[in-house]
Asks: 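I'd like to ask you about the structure that follows.
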Amino acid sequence: MAISEQRKQDLYKTIELYLNIYQEGRLELKSEFSKYAGYYYITNEPICEIFNIRTKYENKKILSVLAGGDHIFEMIFKGASNVDTFDINALLEYYTIGFKKRAIECLAYQEFLDLFDFSYDGLENKYYNIKTEIEDYVVKNMDEEYNWFWQEIKRILKDYGYQASVFHFALNIKQKEFNKPSFLKNEDNYIILQNKLKSTIINFQQANIIDLPINFSKYDLIYLSNILDYREQEFAKILLTDIYNNNLHRNGQIIFTDLCSYFNEEIYECVPGAEKIKKCFDSAGLLSYSLKKRKIK
């Protein structure tokens with residue numbers, strides 16, 4: 001198998017990130033707006049409720065931030081069959097599409113739950129109860145390029161004295177009922193997602209949200225999670241308007257959330273002509289917004 005120069009760079013940068021965190025102690029494990037950073041390995045949003053804002057996913061063209069993947073798995077569970085994804089963090093391709101998707105595909109329901117049931121001590125910066133045997137089984141069954149990436153991570157870091165894990169880049173979030181995706185509600189739902197993944201296409205492009213209006217096409221649904229929480233207000237108004245105008249089909253919809261209470265609602269109100277929906281999910285105290293492009297009669 002030929003390995004591209006980009007994948008080699010991703011490998012070297014990931015090893016550098018790991019050593020900076022665990023050997024040099026120069027970085028805290030945190031999510032940053034950078035190409036190589038820690039990641040949210042599960043969602044911290046009530047996505048079952050959020051994606052009930054929209055009812056039809058079959059035969060729709062969808063774009064979503066990739067993140068830890070629960071957003072796209074929820075949409076696939078609800079009927080999506082072709083999803084484009086983007087993220088500024090290149091590691092999420094290797095984690096979400098390479099590792100987590102394959103874990104769903106090749107593990108039984110209880111095995112998957114066991115694999116993701118680990119603990120993290122933030123004071124010691126250490127992980128406990130990682131199921132190495134199950135993790136290695138998933139890595140072994142990955143597509144070649146992802147298998148190569150994680151095998152090399154583990155092999156090279158072993159020479160430095162570390163038993164590296166996919167979860168060593170994961171930020172400390174707990175799976176609770178409010179943020180549990182549909183496919184983890186019960187075994188039947190898990191099997192439904194397994195079967196749907198057999199015929200689903202997931203594409204990924206490493207990109208910043210500012211790249212969307214120029215480098216991405218038009219979609220029926222765009223999910224931005226809470227990216228706009230962190231954008232300066234006037235810039236966010238322009239960006240959201242550009243995405244609405246350039247990347248949304250007629251009758252299409254943008255959904256985004258306010259997770260950190262940084263979001264200014266003037267941004268949401270700024271898009272002219274959009275049909276606006278605002279919902280508050282009491283279980284998490286989270287606000288979700290939708291902008292729908294009206295269909296021309």
Side-chain angles (χ1 to χ4, degrees), residues 39-87 89 92-107 109 112 143 146 179-207 209 211-212 215-227 243-244 246-257 275 277 279 281 288-293 295:
Y39 42 68
Y40 292 102
Y41 75 102
I42 59 174
T43 184
N44 52 0
E45 298 173 300
I47 58 172
C48 289
E49 296 178 290
I50 290 171
F51 287 117
N52 283 338
I53 292 174
R54 185 180 182 91
T55 57
K56 294 182 180 179
Y57 290 86
E58 295 85 356
N59 302 316
K60 300 301 180 183
K61 191 173 182 183
I62 295 171
L63 175 67
S64 175
V65 60
L66 181 59
D70 289 335
H71 311 96
I72 60 173
F73 298 137
E74 183 71 19
M75 287 187 276
I76 291 166
F77 178 82
K78 284 177 162 56
S81 58
N82 194 322
V83 182
D84 288 348
T85 67
F86 73 97
D87 208 288
N89 188 349
L92 284 164
E93 178 189 2
Y94 300 95
Y95 168 70
T96 301
I97 298 177
F99 179 77
K100 190 172 183 179
K101 175 176 175 287
R102 185 48 48 92
I104 297 169
E105 291 169 328
C106 73
L107 296 179
Y109 178 62
F112 184 91
D143 292 340
Y146 301 131
N179 66 336
K180 186 180 291 184
S182 294
F183 79 96
L184 292 182
K185 297 286 186 182
N186 55 62
E187 186 173 4
D188 289 342
N189 284 2
Y190 183 81
I191 293 171
I192 288 171
L193 179 62
Q194 282 184 319
N195 290 327
K196 288 190 173 185
L197 284 174
K198 294 175 183 177
S199 57
T200 299
I201 298 172
I202 302 172
N203 304 299
F204 174 74
Q205 183 174 335
Q206 191 275 325
I209 188 174
D211 300 323
L212 267 58
N215 297 332
F216 287 77
S217 60
K218 289 183 179 291
Y219 295 89
D220 300 300
L221 174 63
I222 299 174
Y223 183 65
L224 300 177
S225 188
N226 69 315
I227 298 176
I243 294 172
Y244 178 88
N246 296 336
N247 302 108
L248 208 59
H249 285 307
R250 289 293 175 184
N251 216 29
Q253 191 172 13
I254 301 174
I255 298 175
F256 53 98
T257 60
E275 181 181 330
I277 302 170
K279 290 197 174 184
F281 301 110
S288 182
Y289 301 89
S290 167
L291 298 176
K292 190 172 181 180
K293 185 176 283 190
K295 191 174 183 179

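Computed from a predicted model, the values in this text were never measured in an experiment.
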Asks: Please round to the nearest 0.5 Å and tell me the distance separating atom CZ of Phe204 and atom CD1 of Ile97.
Replies: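 Going from the CZ atom of Phe204 to the CD1 atom of Ile97 covers 6.5 Å.
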Asks: What's the spacing between Leu291 CG and Glu275 CD if we round to 0.5 Å?
Replies: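 Spacing of CG (Leu291) from CD (Glu275) equals 10.0 Å.
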Asks: Hey, could you give me the CD1/CG distance between Ile202 and Leu66, rounded to the nearest 0.5 Å?
Replies: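 Here the rounded value is 8.0 Å.
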Asks: For Lys56, does the NZ atom have more than 12 heavy-atom neighbours from other residues, nucleotides or ligands under 6.0 Å away?
Replies: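 At most 12 heavy atoms, drawn from other residues, nucleotides or ligands, come within 6.0 Å of this atom.
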Asks: For the residue pair Ile277 and Lys292, establish whether any side-chain heavy-atom pair is separated by less than 4.5 Å.
Replies: no
Asks: With rounding to the nearest 0.5 Å, note down the distance linking CG in Leu107 to NZ in Lys100.
Replies: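 With rounding to 0.5 Å, CG (Leu107) is 12.5 Å from NZ (Lys100).
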Asks: Relative to the ring of Tyr190, is the ring of Phe112 parallel (under 30°), tilted (30 to 60°) or perpendicular (over 60°)?
Replies: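 Answer is tilted, since the angle falls between 30° and 60°.
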Asks: Decide yes or no for Tyr244 and Lys293: does some side-chain heavy atom of the first lie under 4.5 Å from some side-chain heavy atom of the second?
Replies: yes
Asks: Would you say Tyr57 and Phe51 make side-chain contact, with heavy atoms under 4.5 Å?
Replies: yes
Asks: Working to the nearest 0.5 angstrom, can you tell me the gap between Gln205 CD and Asp84 CG?
Replies: 8.5 Å
Asks: Please examine the side chains of Phe86 and Val65, heavy atoms only from C-beta on, and report whether any two atoms are closer than 4.5 Å.
Replies: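 Yes, close enough: below the 4.5 Å cut-off.
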Asks: Do you know which two heavy atoms are closest between Lys218 and Leu248, and how far apart they sit?
Replies: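 Scanning both residues completely, I find the closest heavy atoms to be NZ-O, 4.0 Å.
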Asks: Hey, does Thr200 have a side-chain heavy atom less than 4.5 Å from the side chain of Phe73?
Replies: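 With C-beta onward as the side chain, the pair stays apart.
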Asks: Looking only at non-hydrogen atoms, find the nearest pair between Ser225 and Glu45 and report the distance.
Replies: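 In terms of heavy atoms, the two residues are closest at OG-OE1, 3.1 Å.
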Asks: Could you tell me if the side chain of Leu224 sits less than 4.5 Å from the side chain of Leu212, heavy atoms only?
Replies: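 Yes - at least one pair of side-chain heavy atoms lies under 4.5 Å apart.
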